Amino acid sequence: MDGFETLLSPLARRKILDGAFAVLEDHGVECTHARARERLAEVPGVRVGPDRVRFAREAVAAHLERRRTEQPPDDVRFGMYGPWCSFSYCDPLTNQVRMPTESEAVDAARLIDALTAGTGAFGGAVPVYLPGVDPRLQTFRQEICAVTYTRRLGGKLTALDRGEIGYVKALYKAAGRRYKLALQGLISPLRLNSEVMDTFFEEIADPDLDIEISCSIPMAGATAPVVFPAALIQAVAETLAVDFVFNALAPTRRFDCLTVRLEPFDMKSANIVFGSPEWCVLNRACVELERDLRGTPRRYGIFRSNSRSMDAQAMIERSMSVLYQAMNGVRRFGAVGQLCVDEVFSPLQAVIDVQILKYVERVVRGLDASWDESVDTVALLREGDADGTFLMHDTTAEHFRTFYGMDTLFTYENLNAWRDAGSKGLEDRAREELARLLAGTRFELDAARREEVDRVASEGTRYLESLA
């Protein structure tokens with residue numbers, strides 16, 4: 001079940017899309033990159049001015065119609081994706097935020113690799129930075145960690161130097177994998193990111209490299225207006241612009257940039273806000289608008305919280321925001337274990353996120369999986385009434401596992417039974433589960449590939465050190 005009536009009426013959504021077309025046609029987006037401007041000038045429906053490019057409504061609408069025909073089959077399975085890469089680590093024993101040790105950073109990568117293995121999707125960045133690394137070497141060191149200690153994680157961290165990208169590609173080739181380079185295509189408000197254009201044009205012809213164009217991140221009250229529908233119109237206009245531009249610049253490749261985002265901005269703390277009630281409302285509007293753009297439901301979402309450690313705020317924000325997204329049709333959730341927007345990674349929170357998702361999945365499943373109209377209700381109730389209980393009835397044994405969630409760390413015993421079992425709380429059981437997961441996920445690259453990865457790592461490190 002999806003659960004909610006829409007937040008925005010069909011008329012409101014049509015007006016927002018129409019407003020986005022008008023913004024792109026009348027105002028356009030800033031573009032100062034010479035080669036991009038030259039290429040865009042050849043695209044029908046694009047007008048290149050002194051510092052902006054504008055897009056004819058008909059051209060953008062036609063592009064959107066084509067993109068709707070390219071959407072993959074709908075996938076309603078629940079699943080998890082990894083977090084962004086954080087600089088700080090929340091200790092699973094003390095709940096204190098600190099820098100990780102190298103072994104903790106490696107274990108964090110292995111943990112996320114294990115938790116996201118069932119999605120069949122690209123794993124994303126290693127979840128926490130290795131300690132004591134020169135900033136110039138950070139991305140390269142993270143990629144070494146990814147290919148050495150995980151099966152699927154890696155990529156997406158900032159890399160713009162062509163030499164560095166070459167060495168990272170070589171790392172992945174040595175490990176028998178493909179590298180995914182992520183580039184931020186557009187910066188709010190309404191500016192194409194000229195800084196990444198050189199890298200885009202240098203690397204786009206490489207058939208052995210995957211490139212992801214990241215969406216913009218408009219923030220209501222900071223990089224977007226806090227007036228509605230203007231803020232939503234900007235968000236949709238930026239989504240359409242980046243998808244149109246990068247697919248036009250490389251027509252033989254296909255980039256999926258139809259991701260609508262609009263984040264709240266807290267005036268008191270001068271910070272982007274994740275997981276608040278306002279975040280849920282804006283996310284709901286974006287999910288509805290993106291569904292119109294794609295022609296299919298948005299199924300990807302995120303665990304969200306600004307909490308600095310694994311506390312009550314984190315649990316409330318993450319549980320409520322995931323449930324709210326799921327009721328809007330979202331099924332797969334990223335940012336597992338990610339706190340304080342994206343500054344802190346908590347392995348214990350990652351384990352509890354699994355429990356949050358199981359809870360939400362059970363709520364969304366509703367009654368459909370256990371509804372049995374073949375049962376003679378009168379006869380069943382007569383038998384239960386005669387026995388004074390249904391505990392021993394055949395239907396109870398047959399159906400209780402399909403109705404009740406059995407695979408969970410939550411317990412429901414009474415107080416005395418809980419005391420007799422050692423008075424363990426959810427955090428205690430989550431720590432035991434964390435230890436079990438880490439013990440069962442000790443992946444390391446085989447010796448032959450490891451030797452080649454180490455050789456490339458040494459050469460790449462010397463190259464990057466020479467740039468300092």
Side-chain angles (χ1 to χ4, degrees), residues 77-83 86 89-97 104 107-119 123 127-128 275 301-305 307-327 330-339 344-366 369-370 399-442:
R77 295 173 300 167
F78 277 80
M80 304 177 77
Y81 295 144
S86 301
Y89 177 83
C90 187
D91 190 302
L93 297 178
T94 67
N95 202 31
Q96 297 299 305
V97 176
E104 287 170 336
D107 277 348
R110 285 170 163 159
L111 173 66
I112 294 299
D113 198 40
L115 291 180
T116 60
T119 64
V128 65
I302 32 224
F303 288 91
R304 283 305 193 213
S305 179
S307 182
R308 278 63 54 185
S309 62
M310 204 191 75
D311 59 8
Q313 179 180 339
M315 297 307 159
I316 292 170
E317 289 178 339
R318 297 173 86 77
S319 298
M320 293 300 291
S321 63
V322 169
L323 177 61
Y324 197 78
Q325 290 172 82
M327 297 297 282
V330 171
R331 295 294 180 265
R332 290 173 296 284
F333 295 84
V336 175
Q338 178 180 308
L339 296 170
V344 177
F345 175 72
S346 167
L348 197 60
Q349 182 67 64
V351 173
I352 291 180
D353 285 345
V354 175
Q355 305 307 308
I356 293 173
L357 190 59
K358 289 180 177 180
Y359 189 111
V360 169
E361 182 178 6
R362 179 61 192 91
V363 170
V364 170
R365 182 160 58 88
S370 56
H399 290 285
F400 84 97
R401 290 185 182 277
T402 62
F403 181 75
Y404 292 101
M406 307 299 293
D407 182 21
T408 175
L409 295 182
F410 297 125
T411 63
Y412 300 99
E413 68 268 40
N414 63 32
L415 181 60
N416 285 336
W418 174 71
R419 284 171 171 163
D420 291 343
S423 305
K424 290 182 179 179
L426 176 61
E427 292 89 344
D428 300 308
R429 292 188 293 277
R431 290 186 186 97
E432 292 172 355
E433 176 68 2
L434 174 61
R436 185 191 70 80
L437 287 167
L438 290 176
T441 177
R442 308 309 298 176

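Please read these numbers as outputs of a predicted model, since none were measured by experiment.
Ion pairing of D428 with R431 is present here, as a side-chain N (NZ or NE/NH1/NH2) and a carboxylate O approach within less than 4.0 Å. With respect to the salt-bridge test (charged N to carboxylate O, under 4.0 angstrom), the residues D107 and R442 qualify. Ion pairing between a basic and an acidic side chain is recognised when a charged N comes within 4.0 Å of a carboxylate O; R436 and E433 show such pairing.
In this structure, R332 contributes its side chain and R77 its backbone to a donor-acceptor pair below 3.5 Å. Not one N or O on the side chain of T441 forms a donor-acceptor pair closer than 3.5 Å with the backbone of L437. Although no hydrogens or angles enter the test, the distance criterion places a donor-acceptor pair under 3.5 Å between the side chain of Q355 and the main chain of L409. Listed for the Q325 side chain is a donor-acceptor partner under 3.5 Å among the backbone atoms of S321. Not one N or O on the side chain of D91 forms a donor-acceptor pair closer than 3.5 Å with the backbone of Q96. Side chain of R429 to backbone of K424: a donor-acceptor contact under 3.5 angstrom is found.
When side chains are defined from C-beta on, W418 counts as touching S423, because their heavy atoms get closer than 4.5 Å. F78 is not listed as a side-chain neighbour of K358, based on a closest heavy-atom distance of 4.5 Å or more.
Counted within 6.0 Å of CG on D420, heavy atoms from surrounding residues, nucleotides or ligands total more than 12; the atom is thus considered enclosed.
For the pair A335 and R304, the tightest heavy-atom approach, listed with the atom from each and the gap, is CB-NH1, 3.9 Å. The minimum heavy-atom distance between R318 and V336, with the atom names listed, is NH2-C, 4.1 Å. Contact record, F303 with D353: CZ-O, 3.5 Å, taken as the closest heavy-atom pair. The minimum heavy-atom distance between I112 and G82, with the atom names listed, is CG2-CA, 3.7 Å. For E317 against S307, the heavy-atom pair with the smallest separation is OE1-N, 3.9 Å. The shortest heavy-atom contact between A314 and L339 is CB-CD2, 4.0 Å.
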Just do the side-chain contact (heavy atoms from CB on, under 4.5 Å) check on Q349 and M315 with the steps written out, would you?
-> CA-CA 9 Å; Q349 182 67 64; M315 297 307 159; 3.4 Å; yes

side-chain contact (heavy atoms from CB on, under 4.5 Å) assessment of L438 paired with L434 | CA-CA 6 Å; L438 290 176; L434 174 61; 4.0 Å; yes

From CA spacing to verdict: side-chain contact (heavy atoms from CB on, under 4.5 Å), M80, F333 | CA-CA 5 Å; M80 304 177 77; F333 295 84; 5.7 Å; no

Applying side-chain contact (heavy atoms from CB on, under 4.5 Å), run through Y359 and T408 and close with a yes or a no.
-> CA-CA 8 Å; Y359 189 111; T408 175; over 6 Å; no

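When the side chain to side chain donor-acceptor pair (under 3.5 Å) test is applied to S346, no partner is found at least two apart in sequence or on another chain. E413 is linked by a side chain to side chain donor-acceptor pair (under 3.5 Å) to T411, counting only residues two or more places apart in sequence or in another chain. Under the side chain to side chain donor-acceptor pair (under 3.5 Å) criterion, E104 pairs with R98, T101, not counting sequence neighbours.
Relative to the six-membered ring of F403, R362 meets both conditions, a distance below 6.0 Å and an angle of at most 45° to the axis.
The structure places OG of S319 at 9.5 Å from CD1 of I352, a figure rounded to the nearest 0.5 Å.
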